[in-house]
> 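My structure is below; once you've seen it, I'll send some questions.
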2 protein chains.
Amino acid sequence: MKTKLNANAQAVLESVRLSTSHPTASEVYDTVKTARPGIGLASVYRILHTLVQQGYIQEIRHSDDTCRYDGHIERHDHAICTACGALLDVPVNITLPPDLLQAAADATGMDLSSHELRLYGVCPRCALVQQQ
Amino acid sequence: MKTKLNANAQAVLESVRLSTSHPTASEVYDTVKTARPGIGLASVYRILHTLVQQGYIQEIRHSDDTCRYDGHIERHDHAICTACGALLDVPVNITLPPDLLQAAADATGMDLSSHELRLYGVCPRCALVQQQ
DNA sequence: ATGGGTGCAAATCCTTTGCATCTGC
DNA sequence: GCAGATGCAAAGGATTTGCACCCAT
């Protein structure tokens, strides 16, 4: 399933994996350009799609109009700041009671394969700003 | 917080609330045009934003590049078909153990206000198609 | 009369695509 | 030599915005 990655794809994958934030395509592009100066934005988009398809990285969308990428592929959850839009990985493993998932599967008739919990709230930085 | 809605805004809100799917802006536009023929797409976008801001409706994004709206504002969860992209409300109330949420809040330092569980899987229709 | 809402069209932004070229095998 | 990858520029599509106009207050 996973094909061998060429140098551009390696550089893109590395950039996404090393990023602690969840970079957008153009952030990845900016980063990768230092390692591969000739690369074009279109290739970054193409490579990101391939990496998602092949399961190397995950795509995440929330309220802004850009698509973000996450090099962290194990199942995990996200916390989203409703004030600034920041998207953080939740660093603890939240395991849902299986009966809840079963109930949801039954209710929707879907064959569930994965899930993601999205937590909404105010991040520490925004909380500070709001207090002022 | 909620201001009085004018006739256009009422029509948009009604359209979103009555829809069982999760309509996009242009689907809302198409629907609303029958009740308010003169309305423009830009106004639909403007009104949808206002309605979201004022808490009348929710905005949902997932993998496609359009933004969808949900007239269902009580906390609830979504099931997303990984084959066709369909987005369904989960018709059962999934209550998470409070200690899980607390652990996540502690780990992220965020002041959590809400959450949404996103379930990924294959919807019944797509499951049928895949079997063939 | 006055401030906010509106429609239209143009602009904007992210993303995708066409295509000629280049690359590695 | 060939299939796939690439860069560039142009196209595409969803959303936003500028602006003159209209409406209700």
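Chain identifiers are assigned alphabetically (A, B, ...) following the order of the sequence lines, protein sequences preceding nucleic acid strands; residue numbering begins at 1 within each chain.
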> What do you reckon, are the aromatic ring centroids of A:His78 and A:His22 less than 6.0 Å apart?
yes

> Between C:dT23 atom P and A:Arg36 atom CZ, what is the distance in whole Å?
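Going from CZ in A:Arg36 over to P in C:dT23 covers 11 Å.
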
> Looking only at side-chain N and O atoms, does A:Asn8 come under 4.0 Å of OP1 or OP2 in D:dT6?
yes

> Is A:Arg46 side chain donor-acceptor paired with the D:dG7 base, going by distance under 3.5 Å alone?
yes

> Using atom CG of A:Asp65 as one end and atom P of D:dT16 as the other, report the distance to the nearest whole Å.
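Checked: the CG to P distance equals 7 Å.
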
> Taking the side chain from A:His49 and the backbone from A:Ile47, do they hold a donor-acceptor pair closer than 3.5 Å?
no

> Does B:Asn6 make a side-chain N or O approach to OP1 or OP2 of D:dC23 shorter than 4.0 Å?
no

> I'd like to know if B:Asp64 and B:Arg68 make a salt bridge, using a cut-off of under 4.0 Å between side-chain N and carboxylate O.
yes

> Using atom OH of A:Tyr29 as one end and atom P of C:dT15 as the other, report the distance to the nearest whole Å.
14 Å

> Tell me whether B:Arg75 contacts the main-chain N or O of B:His115 through its side chain, where contact means a donor paired with an acceptor under 3.5 Å.
yes

> Whole angstroms only, please: what is the CD-P distance between B:Gln53 and D:dT16?
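Distance, rounded to whole Å: 11 Å.
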
> Whether B:Tyr45 contacts D:dT16 is assessed here as follows: a side-chain N or O lying under 4.0 Å from the phosphate OP1 or OP2. Is that the case?
no

> When you measure from the side-chain N and O atoms of B:Ser43 to the phosphate of C:dG7, is any distance below 4.0 Å, counting only OP1 and OP2?
yes

> Round to the nearest Å and state the distance from B:Gln10 atom CD to C:dT6 atom C1'.
17 Å

> Roughly, in whole Å, what's the span from CG in A:Leu41 to P in D:dA10?
15 Å

> Please give me the minimum heavy-atom distance between B:Arg46 and B:Thr50, naming the atom from each residue.
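Result for this residue pair: O-OG1, 2.9 Å.
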
> Does C:dT15 have OP1 or OP2 sitting under 4.0 Å from an N or O in the side chain of A:His49?
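So the side chain of A:His49 is outside the cut-off, no N or O lying under 4.0 Å from OP1 or OP2 of C:dT15.
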
> Expressed as a whole number of angstroms, how long is the span from A:Asp64:CG to D:dT16:P?
12 Å

> What is the distance, rounded to the nearest whole Å, between atom CD1 of A:Ile39 and atom P of D:dC8?
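Atom-to-atom, A:Ile39 to D:dC8, this comes out as 11 Å.
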
